[in-house]
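Along the sequence shown, the residues carry numbers beginning at 1.
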Amino acid sequence: MKRRPGNAVHGSSTETSTDRLLDWRREFPSVEASLHFISHSLGAMPRDVEESLREYAQTWRGRSIRAWEEKWFELPVEMGEVLAGLIGAEPGSVSVHPNVTLAQAVALSTVDFTPPRNRLVCTAEDFPSVLYLYEGLARRGAEIVRVPAHDGRAVREGDIVAAVDERTAIVAISSVLFRTSQVLDLAPITRRARAAGALTLVDAYQMVGTVPVDVRALGIDMLAGGSVKWLCGGPGVGYLYVSPLVQERLRPALTGWMAHEHPFDFDPGPMLWHQGPRRYMTGTPAIPALLAARPGFETVAQIGVAPIREKSLRQTERMIAWADEYGFHLVSPREAARRGGTVVVDVPRADAVCAALLAADVLLDHRPGVGLRLAPHFYTRDEEVDLVMKRVREEVGRAAG
Ligand SMILES: Cc1ncc(COP(=O)(O)O)c(C=O)c1O
């Protein structure tokens with residue numbers, strides 16, 4: 001599956017001849033059909049996905065039950081290795097799941113929320129799906145501490161640090177906020193958590209693939225992310241990193257036969273957990289989703305997140321310059337180190353503006369309370385950056401009547 005991109009399809013501007021990441025553009029043919037500024041929500045589909053899914057159907061038809069032994073059983077572990085490389089993790093430390101919510105549920109099932117250490121510290125700006133999950137844990141003895149945001153929905157690291165103490169069992173926070181694209185500085189938070197004897201669980205969905213992260217350097221205990229957005233993997237895959245430093249003492253209550261050391265012994269228990277990444281798996285993995293996700297994951301791994309970030313910072317800065325010129329209210333952070341891969345601008349009637357642009361093949365989204373979210377990615381041309389902002393301005397003008 002691994003391959004290098006072919007010759008670049010160069011555009012006319014000077015940027016395209018110096019932007020080596022555009023060499024990958026031909027692996028994502030769908031980006032030619034629209035202005036694709038939606039990678040924070042759904043990354044573009046790699047060309048190889050069709051072949052990968054065709055192969056899946058052929059394998060199922062031709063090899064039937066033998067496919068498990070020949071390919072499918074090892075696939076989740078192989079995918080975990082690709083993901084581990086992307087986040088600076090130790091080999092064998094990443095398991096795959098159907099989505100981030102379930103990956104987090106597995107992680108949280110390792111925690112006993114018994115007083116005096118029964119607190120889960122999160123923030124008001126975490127993704128609603130995981131907030132609902134935390135709310136559910138309150139019925140199981142967890143005390144949820146939701147750190148509030150300030151003006152502009154900004155979350156302050158100092159507030160999170162101050163919320164952590166000896167009553168904290170786990171700190172579960174996003175590293176890049178989905179609404180505003182604010183990047184949180186995780187170092188003081190993981191430091192404080194360790195000192196207080198609490199675990200950390202980072203929702204890095206809006207980070208991995210666009211902002212570099214090094215789980216080891218940051219001392220993160222657990223991290224969850226998924227396939228759909230910056231990794232261009234399509235729907236169906238979440239993943240969970242668990243640091244080998246805490247692995248031994250964590251026993252997931254949400255578990256299954258794929259987590260057993262010898263699943264094909266069909267041993268009725270007690271549970272004997274696998275010593276590697278399968279330890280956090282549950283039941284039968286979603287093979288077609290993994291195969292659809294593989295080309296995107298491998299592409300991002302081959303490019304490397306550092307050059308993607310460099311380009312993202314350049315292009316998002318260019319978008320911000322246009323936003324200023326057009327008088328849009330900038331919601332995402334202006335400061336480069338604070339800004340994720342998405343630019344968020346609030347405009348009047350953002351929902352109507354978004355709907356009109358989608359109908360005209362300009363792919364973006366809007367979120368209540370913050371406005372329009374737009375994201376370039378490694379396959380984006382500078383002229384598209386200019387064009388998308390112009391299209392937004394035109395549509396804002398039209399919506400204003
Ligand atoms: C930060 C973040 N976490 C979690 C999710 C949802 O995760 P899932 O649907 O895989 O559970 C999203 C977006 O869909 C997100 O942006």
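Considering all non-hydrogen atoms of both residues, S95 and M281 come closest at CB-CG, 4.1 Å. For M45 against E50, the heavy-atom pair with the smallest separation is CE-OE2, 3.7 Å. Closest non-hydrogen pair, V242 versus V246, comes out as CG1-CG2, 4.0 Å. In plain terms, the two heavy atoms of Y379 and S39 that are nearest each other are OH-OG, 2.7 Å. For the residue pair R373 and L364, the shortest heavy atom distance occurs at O-CB, 3.5 Å. Scanning all heavy atoms of the two residues, the minimum distance from A149 to E125 falls at CB-CG, 3.9 Å.
Using a 4.5 Å heavy-atom cutoff, the side chains of L290 and P285 are in contact. For the pair R249 and L199, the minimum side-chain heavy-atom distance is below 4.5 Å. Using a 4.5 Å heavy-atom threshold, the side chains of W257 and T284 count as touching. Residues H377 and C232 form a side-chain contact, since some pair of their non-hydrogen atoms from C-beta on lies under 4.5 Å apart. Counting heavy atoms from C-beta outward, E27 and T299 have side chains that stay 4.5 Å or more apart. Two residues are said to be in side-chain contact when any heavy atoms from C-beta on lie closer than 4.5 Å; E143 and R119 meet this criterion. For the pair V183 and M207, the minimum side-chain heavy-atom distance is below 4.5 Å. Contact annotation: the side chain of P288 never approaches that of W60 to less than 4.5 Å [non-hydrogen atoms, C-beta and beyond].
In terms of the ring-ring contact (aromatic ring centres under 6.0 Å, His included) criterion, residue partners of F378 (sequence neighbours excluded) are, by chain and number, F28. The ring-ring contact (aromatic ring centres under 6.0 Å, His included) check on F297 picks up nothing, with sequence neighbours excluded. The side-chain contact (heavy atoms from CB on, under 4.5 Å) search around T110 returns M222, L250, P252, Y280, not counting sequence neighbours. For K390, the salt bridge (charged side-chain N to carboxylate O under 4.0 Å, His left out) partners at least two apart in sequence or on another chain are E394. Residues forming a side-chain contact (heavy atoms from CB on, under 4.5 Å) with L102 (at least two apart in sequence, or on another chain): P98, N99. With sequence neighbours left out, the side-chain hydrogen bond (donor to acceptor under 3.5 Å, both in side chains) criterion links S41 to no other residue. Every residue meeting the side-chain contact (heavy atoms from CB on, under 4.5 Å) condition with D265, not counting sequence neighbours, appears here in chain and number order: H262, D267. Remark: R251 engages no residue in a salt bridge (charged side-chain N to carboxylate O under 4.0 Å, His left out) (not counting sequence neighbours). By the ring-ring contact (aromatic ring centres under 6.0 Å, His included) test, W322 is found to be paired with Y326, residues two or more places apart in sequence or in another chain being considered.
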Check the pair L240, V94 against side-chain contact (heavy atoms from CB on, under 4.5 Å), reporting the backbone distance first and the verdict last.
CA-CA 5 Å; L240 177 66; V94 176; over 6 Å; no
Show, in sequence, the C-alpha distance, side-chain angles and deciding distance for Q247 and Q275, and conclude whether the side-chain contact (heavy atoms from CB on, under 4.5 Å) test is met.
CA-CA 9 Å; Q247 160 120 317; Q275 289 307 303; 5.9 Å; no
Given M389 and R318, is the side-chain contact (heavy atoms from CB on, under 4.5 Å) satisfied, shown in steps?
CA-CA 10 Å; M389 297 306 284; R318 192 171 172 123; over 6 Å; no
Begin with the C-alpha distance, continue with both residues' side-chain angles, and end with the deciding distance and a verdict on side-chain contact (heavy atoms from CB on, under 4.5 Å) for L231 and L86.
CA-CA 10 Å; L231 297 182; L86 277 171; 3.8 Å; yes
Apply salt bridge (Lys or Arg N to Asp or Glu O under 4.0 Å) to E317 and R314, showing your working.
CA-CA 5 Å; E317 194 164 316; R314 179 172 62 74; over 6 Å; no
R66 vs E69, test: salt bridge (Lys or Arg N to Asp or Glu O under 4.0 Å). Steps then yes/no.
CA-CA 6 Å; R66 292 164 292 189; E69 208 178 316; over 6 Å; no
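Remark: the backbone N or O of V155 is paired with a side-chain donor or acceptor of Q182 at under 3.5 angstrom. Distance alone, capped at 3.5 Å, is enough to place a donor-acceptor pair between the D126 side chain and the S174 backbone. Judged by distance alone, with hydrogens and angles left aside, the side-chain atoms of R339 form a donor-acceptor pair with the main-chain N or O of R334 at under 3.5 Å. In this structure, the side chain of E384 engages the main chain of R381 through a donor-acceptor pair within 3.5 Å. With T190 contributing its side chain and G219 its backbone, the two residues share no donor-acceptor pair below 3.5 Å. Proximity of a side-chain donor or acceptor of Q206 to a complementary backbone N or O of G340 within less than 3.5 Å is not detected. Not one N or O on the side chain of T123 forms a donor-acceptor pair closer than 3.5 Å with the backbone of V147.
Among pairs with a residue in residues 89-144, those fulfilling ring pair (Phe, Tyr, Trp, His ring centres under 6.0 Å) read F127-F178, at least two apart in sequence or across chains. Counting only residues at least two apart or on different chains, the salt bridge (Lys or Arg N to Asp or Glu O under 4.0 Å) pairs with a member in residues 183-211 are R194-D221.
Tested against K311, the residues D19, D382, T210 include a single side chain to side chain donor-acceptor pair (under 3.5 Å) partner, D19.
Side chain to side chain, W72 and T59 fail the donor-acceptor criterion of an N or O pair below 3.5 Å. When only modelled atom types and interatomic distance are considered, R294 and S52 share no side-chain donor-acceptor pair under 3.5 Å.
In this structure, CD1 in I144 is found 9.5 Å from CG in L131, a value given to the nearest 0.5 Å. With values rounded to the nearest 0.5 angstrom, L387 atom CG is found 9.0 Å from E383 atom CD. For the atom pair CZ of R338 and CG of L177, the computed distance is 9.5 Å after rounding to the nearest 0.5 Å. Distance check: T282 OG1 to M258 CE gives 9.0 Å after rounding to the nearest 0.5 Å. The CG atom of L372 sits 11.0 Å away from atom CZ of R367, with the distance rounded to the nearest 0.5 Å. The distance from the CD1 atom of I320 to the CD atom of Q315 is 12.5 Å, given to the nearest 0.5 Å.
Aromatic pair W230/Y205: ring centres not closer than 6.0 Å.
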Using a 3.5 Å cut-off and no angle test, enumerate the donor-acceptor pairs between side-chain atoms of residues 343-361 and protein atoms at least two apart in sequence or in another chain.
| from | atom 1 | to | atom 2 | distance (Å) |
| --- | --- | --- | --- | --- |
| R349 | NH1 | A399 | O | 3.1 |

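Open room surrounds CD on E310; 12 or fewer heavy atoms of other groups in view lie less than 6.0 Å from it. Other residues, nucleotides and ligands contribute at most 12 non-hydrogen atoms within 6.0 Å of the CZ atom of R140.
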